[in-house]
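Quick caveat, the model's predicted, so the values are computed rather than measured.
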Amino acid sequence: IYSQAGATVQRSDLMMRPLVMDFADDKVAINRDDEYMFGRSLLVKPITQPLYSWFERRTSHWIYPEVEKAAAPVEVYLPASTKWWDFWSNELYEGGKAIKRLAPIDIMPVFVKAGSIIPFGPKVQYSGEKAWDNLELRVYPGADGDFVLYEDAGDGYGYEQGEFAQIRFHWNDSSHTLTIADREGNYPGMLQSRVFRIHVMSAGSEAGDTEAKSFQQTVTYNGQAMSITL
């Protein structure tokens with residue numbers, strides 16, 4: 001999210017993207033007004049209608065079942081020209097069709113575009129709470145992909161004067177190679193060394209379970225380019 005905010009400022013990108021911006025050739029996608037892309041990797045289907053309660057006209061009362069046990073299906077259209085990973089279950093789907101996705105009360109349907117590289121940092125309440133020196137990188141195979149990790153001091157306006165750094169990632173799907181480019185830029189207090197924990201996702205593994213992912217490798221990055229074949 002922080003990197004996407006950086007892209008919004010530095011490259012005039014958007015945090016929230018209507019589907020027409022990325023799938024202009026998909027006539028179904030461009031007419032969907034109930035889904036959007038968050039950045040360029042995540043397809044989000046908000047839940048905007050009640051799924052677990054209804055008005056009983058006979059008794060003139062609202063009915064509230066045990067929502068903790070409920071899981072109503074929601075239709076999600078997956079745009080064509082790419083494959084999609086269910087963020088929660090890691091099921092892999094072909095694009096160009098609508099599917100039914102169960103939506104329990106604690107899950108909003110989110111799908112990851114094949115070829116995406118998504119970094120996960122520590123759980124924080126504000127940018128400077130913890131160091132970002134140990135990041136998880138999730139690679140969702142199925143296509144080539146790119147991502148730019150953006151960082152700055154986390155506070156202040158130094159980024160307006162060019163005080164920020166970027167690290168570019170590229171995934172070559174045919175060779176299963178992740179390339180981390182030379183770091184570009186610098187800012188006061190910048191980390192000189194960090195650890196990347198790389199996970200290539202596999203169909204059917206649990207998104208939160210690192211042991212279920214198809215590959216796990218840890219590398220130390222000092223700002224110099226490197227390539228890792230997974």
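- With rounding to the nearest 0.5 Å, the separation of CH2 in Trp85 from OH in Tyr93 is 12.0 Å.
- Side chain of Asn172 to main chain of Ser174: a donor-acceptor pair is present (N/O by atom type, distance under 3.5 Å, no hydrogens or angles).
- Proximity of the aromatic rings of Tyr2 and Trp132 is defined here by a centroid distance below 6.0 angstrom, and this criterion is met.
- Ring geometry, Phe164 versus Tyr150: the interplanar angle falls from 30° to 60°, so the pair is classed tilted.
- Between Phe196 and Phe169, the angle of the ring planes goes over 60°, which puts this pair in the perpendicular group of the 30/60° scheme.
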Given side-chain contact (heavy atoms from CB on, under 4.5 Å), test Asp146 with Ile117 step by step and report yes or no. CA-CA 7 Å; Asp146 297 278; Ile117 304 166; 5.7 Å; no
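- Under 3.5 Å, the side chains of Arg197 and Asn134 contain a donor-acceptor pair of N or O atoms.
- At least one donor-acceptor pair under 3.5 Å links the side chain of Tyr221 to the backbone N or O of Arg183.
- One N or O on the side chain of Thr177 and one on the backbone of Ser175 form a donor-acceptor pair closer than 3.5 Å.
- Judged as a salt bridge (charged side-chain N to carboxylate O under 4.0 Å, His left out), and not counting sequence neighbours, the contacts of Arg101 are Asp86.
- In this structure, Arg168 fails the cation-pi test against Phe147, since its NZ or CZ atom is not both closer than 6.0 Å to the six-membered ring centre and inside 45 degrees of the ring normal.
- Checking side-chain atoms of His170 against main-chain N and O of Ile180 turns up no donor-acceptor pair under 3.5 Å.
- The closest donor-acceptor contact from the side chain of Asp182 to the backbone of Gln224 lies at 3.5 Å or more, if one exists at all.
- For Gln192 (side chain) and Met190 (main-chain N/O), a donor-acceptor pair under 3.5 Å exists by modelled atom type.
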